[in-house]
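Contents: one structure, followed by commentary.
Because the structure is a prediction, the values reported are computed rather than measured.
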Amino acid sequence: MTLLAQGRLLVAAPDLEDQNFRRTVVLMLTQEDEGALGLILNRPTDIPLADLLPEWVGVAAPPACLYMGGPVDPDAALGLGE
């Protein structure tokens, strides 16, 4: 298996039909033998961040909303910061 470097962006090929990743840009966080973890950067939702994570609102960049992630754990939340 080819390992994808942490911090790389994966841009979906135009002909990718998998609805989980179609037209996405994914920031790779980790990849191990057990699997990979990345953040989809271009799927904002209409859900305001304040509705679910009000303590994050003060440090969130606009738009302060949740972004839809991948198919593995839809009830989890990850934050990206610097």
Side-chain angles (χ1 to χ4, degrees):
M1 166 185 8
T2 302
L3 294 180
L4 303 170
Q6 175 181 334
R8 291 243 174 137
L9 293 176
L10 301 180
V11 179
D15 59 347
L16 181 67
E17 294 184 18
D18 181 334
Q19 292 302 308
N20 294 306
F21 299 107
R22 185 171 185 267
R23 303 188 75 190
T24 60
V25 177
V26 178
L27 172 63
M28 289 302 299
L29 300 178
T30 63
Q31 183 179 10
E32 302 171 353
D33 291 339
E34 297 81 29
L37 176 64
L39 291 175
I40 296 176
L41 301 178
N42 63 329
R43 278 204 182 147
T45 69
D46 292 331
I47 303 169
L49 191 58
D51 286 2
L52 297 175
L53 300 165
E55 63 276 8
W56 289 13
V57 171
V59 296
C65 66
L66 293 179
Y67 282 69
M68 182 60 66
V72 176
D73 195 353
D75 294 326
L78 293 174
L80 178 63
E82 68 171 341

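- Cluster membership check: Leu53 does not share its hydrophobic cluster with Leu78, using side-chain heavy-atom separations under 4.5 Å among Ile, Leu, Val, Met, Phe, Trp and Tyr.
- Trp56 and Leu52 end up in the same hydrophobic cluster when Ile, Leu, Val, Met, Phe, Trp and Tyr side chains are linked at under 4.5 Å.
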Show every donor-acceptor pair shorter than 3.5 Å between a side-chain atom in residues 36-51 and any protein atom, with sequence neighbours excluded, or say none if there are none.
from: Asn42; atom 1: OD1; to: Val25; atom 2: N; distance (Å): 3.0
from: Asn42; atom 1: ND2; to: Arg23; atom 2: O; distance (Å): 2.9
from: Arg43; atom 1: NH1; to: Asn20; atom 2: O; distance (Å): 3.0
from: Arg43; atom 1: NH2; to: Gln19; atom 2: O; distance (Å): 3.1
from: Arg43; atom 1: NH2; to: Arg22; atom 2: O; distance (Å): 3.1
from: Thr45; atom 1: OG1; to: Ile47; atom 2: N; distance (Å): 3.1
from: Thr45; atom 1: OG1; to: Leu66; atom 2: O; distance (Å): 2.8

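- Separating the CZ atom in Arg8 from the CG atom in Leu29 is a distance of 14.5 Å, to the nearest 0.5 Å.
- Both Met28 and Leu16 belong to a common hydrophobic cluster when Ile, Leu, Val, Met, Phe, Trp and Tyr are linked at side-chain heavy-atom distances under 4.5 angstrom.
- Leu10 and Leu80 fall into different hydrophobic clusters, defined by Ile, Leu, Val, Met, Phe, Trp and Tyr side-chain heavy atoms under 4.5 Å apart, directly or through other members.
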Stepwise side-chain contact (heavy atoms from CB on, under 4.5 Å) test for Glu55 and Val57: CA-CA 6 Å; Glu55 63 276 8; Val57 171; over 6 Å; no
